Amino acid sequence: MKSEITISELAKLMNVSVHQIRYFEEKGVLQPAYTDTNQYRKYGMDQIYELARILLLRKLEVPVQSIKECMISHSADQQRQLLHHSLQEIEAELLRLQELRQFILKVLHEQQSYSLQPGPFHIKKRNSTFLTSFIQLDSHMRLNAAVLAEQANHILNLFEADIHYLYDGSDTVTLYLETQVPGDTTLPEGEYLTLQCNIQEEELEHWIEQFFDYAAAQSIPLLGPLVVIERSYLSLFSPGMLHYELQGLIAPAAKSEGGDPS
DNA sequence: CTTCTCACA
DNA sequence: TGTGAGAA
């Protein structure tokens, strides 16, 4: 009595595609019990158990290739290695997803806080920030594709970074990325006069003037370089525009000089 | 119904 | 690492 089943019956039984079963065969991890005279594959209990084992390992993300190697020499030690490796991959993926999650939250938060601003100007407390330079430009020269391409190694994910431009009054402007460890420069902690705008790149010069005009009109004493932060990820919802945040450190009021009624 | 091959993600 | 289409 022939108790073996066809490939489609096996597929239905194990909730997988017929294709996948043939794929396992091609990769050498699951042979049919025999092939019928009509070339149809036939499977028995042994194959059912074997397939169950393979599917379990696949569910644990063990590569088919590894499953095959493990069938030849199945030391229990090697089996644990497979699962250890899977575990590492999973943890790396977990980390990737957590970072992705953080980034989405960051975009949402920054976008929300920007849209809630009543006006373009406000005062913002900044913690001290470590910056590492990655490119320098003449102040008259616009950032172009060619110079970016030269630096391509340094900047994997420009589109998601806060790019800091520092205008220190000299004729060059330096681009920085934020880093966790101390780098080329540190922005001091303190209160920053801040101007946020969503504009075409050409308008930036104009807004820089607005920034200093406003500071002068309000008698706000600025200290140190002008910081321009480009948050390209905030331009997600306004194509063609760039989001800039202009910041200047407000000089701390000298101790014994009254005059600030707050 | 099965088989295989090819192109595609 | 599979899937989908098409021919036989």
Side-chain angles (χ1 to χ4, degrees), chain A residues 1-108 110-111 145-146 148-161 163 177 231-242:
Chain A
M1 160 177 187
K2 299 290 187 184
S3 54
E4 284 80 13
I5 60 179
T6 67
I7 196 170
S8 60
E9 289 170 320
L10 180 62
K12 181 175 293 186
L13 181 66
M14 306 302 283
N15 274 309
V16 295
S17 69
V18 170
H19 253 63
Q20 200 179 357
I21 297 175
R22 288 207 204 91
Y23 177 76
F24 289 152
E25 178 178 341
E26 180 189 321
K27 292 302 167 188
V29 290
L30 181 70
Q31 299 307 127
Y34 64 95
T35 77
D36 219 338
T37 51
N38 56 10
Q39 302 283 14
Y40 287 10
R41 295 164 173 80
K42 292 302 200 121
Y43 300 88
M45 282 305 293
D46 289 354
Q47 286 69 46
I48 292 176
Y49 284 122
E50 187 61 19
L51 180 53
R53 205 181 76 88
I54 293 164
L55 290 173
L56 181 53
L57 287 169
R58 286 299 299 125
K59 174 173 281 201
L60 305 182
E61 307 261 282
V62 176
V64 172
Q65 180 61 34
S66 306
I67 298 177
K68 176 179 178 170
E69 289 162 9
C70 216
M71 292 175 37
I72 307 165
S73 78
H74 54 286
S75 76
D77 213 31
Q78 192 174 351
Q79 310 252 2
R80 281 211 322 283
Q81 283 299 85
L82 290 187
L83 296 194
H84 259 291
H85 186 261
S86 278
L87 190 59
Q88 285 183 341
E89 303 271 298
I90 294 296
E91 273 157 6
E93 182 71 357
L94 204 50
L95 190 62
R96 189 186 72 82
L97 290 174
Q98 279 166 350
E99 281 167 1
L100 196 53
R101 183 187 115 99
Q102 276 308 116
F103 182 50
I104 291 174
L105 288 173
K106 172 178 167 181
V107 172
L108 279 175
E110 300 270 0
Q111 200 262 356
L148 266 185
E150 286 177 32
Q151 305 292 327
N153 348 351
H154 302 244
I155 42 182
L156 283 294
N157 44 8
L158 252 194
F159 49 88
E160 62 188 61
I163 306 172
L177 292 176
R231 303 183 196 274
S232 42
Y233 54 84
L234 275 190
S235 308
L236 282 176
F237 308 104
S238 46
M241 310 284 260
L242 290 175

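Because the structure is a prediction, the values reported are computed rather than measured. Below, chains carry the letters A, B, ... as their sequence lines are ordered, and counting in each starts from 1.
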Enter the distance from A/R231:CZ to A/K106:NZ here, rounded to the nearest 0.5 Å. 7.0 Å

Does a side-chain N or O from A/Q39 land closer than 4.0 Å to OP1 or OP2 of B/dT3, or not? no

Quick one: pull up CD in A/Q79 and OG in A/S73 and give me the separation to the nearest 0.5 Å. 9.0 Å

Those residues that, when tested against A/E69, pass salt bridge (Lys or Arg N to Asp or Glu O under 4.0 Å) (two or more places apart): none

Run the salt-bridge test on A/E99 and A/R96 with the 4.0 Å N-O cut-off and return the result as yes or no. no

What is the distance, rounded to the nearest whole Å, between atom OH of A/Y34 and atom P of B/dT3? 13 Å

For atom NZ of A/K42 and atom P of B/dT2, their distance in whole Å: 10 Å

When rounded to the nearest 0.5 angstrom, what is the spacing between CG in A/L82 and SG in A/C70? 4.5 Å

Output yes when a side-chain donor or acceptor of A/D36 lies under 3.5 Å from a complementary backbone atom of A/N38, and no otherwise. no

Mind listing the side-chain donor-acceptor pairs of residues 42-62 of chain A below 3.5 Å, one per line with the distance, residues two or more places apart or on another chain?
| from | atom 1 | to | atom 2 | distance (Å) |
| --- | --- | --- | --- | --- |
| A/Q47 | OE1 | A/G44 | N | 2.8 |
| A/R58 | NH1 | A/V62 | O | 2.7 |

Could you tell me which residues satisfy ring pair (Phe, Tyr, Trp, His ring centres under 6.0 Å) with A/F237, sequence neighbours excluded, listed by chain and number? none

The criterion is ring pair (Phe, Tyr, Trp, His ring centres under 6.0 Å); which residues satisfy it with A/Y23, sequence neighbours excluded? none

For residues 86-95 of chain A, which residues have at least one heavy atom under 4.0 Å from DNA chain B? none

Below 3.5 Å, can you tabulate the donor-acceptor pairs from side chains in residues 13-21 of chain A to any protein atom, sequence neighbours excluded?
| from | atom 1 | to | atom 2 | distance (Å) |
| --- | --- | --- | --- | --- |
| A/S17 | OG | A/Q20 | N | 3.0 |

Quick tally for nucleotides 4-9 of chain B: nucleotides whose base has a protein heavy atom under 4.0 Å get B, sugar-phosphate-only ones S, the rest -, giving S-----

Between A/R41 and A/E25 (salt bridge meaning N to carboxylate O under 4.0 Å), is one present in this structure? yes

How many angstroms lie between atom CG of A/L236 and atom CD of A/E160, to the nearest 0.5 angstrom? 11.0 Å

Pull out every residue in residues 49-73 of chain A that has a heavy atom closer than 4.0 Å to any atom of DNA chain C, ordered by number, or say none. A/R58, A/V64, A/Q65

I need the NZ-P distance between A/K27 and C/dT3, as an integer number of Å. 14 Å

How many Å lie between CD1 on A/I5 and C1' on B/dC1, as a whole number? 15 Å

Any side-chain N or O of A/S17 less than 4.0 Å from the OP1 or OP2 oxygen of C/dG2? no

Qualifying residues under salt bridge (Lys or Arg N to Asp or Glu O under 4.0 Å), relative to A/K68, sequence neighbours excluded: none

Pull out every residue in residues 7-16 of chain A that has a heavy atom closer than 4.0 Å to any atom of DNA chain B, ordered by number, or say none. A/I7, A/S8

Just verifying a value: how many Å separate A/H84 NE2 and A/L87 CG, rounded to the nearest 0.5 Å? 7.5 Å

Flag yes if more than 12 heavy atoms outside A/K12 fall under 6.0 Å of its NZ atom; otherwise flag no. no

Contacts of type salt bridge (Lys or Arg N to Asp or Glu O under 4.0 Å), residue A/R101, not counting sequence neighbours: none

Intra- and inter-strand pairing of DNA chain C, written as dot-bracket with Watson-Crick and G-U pairs under 3.5 Å and | for the latter, reads ||||||||

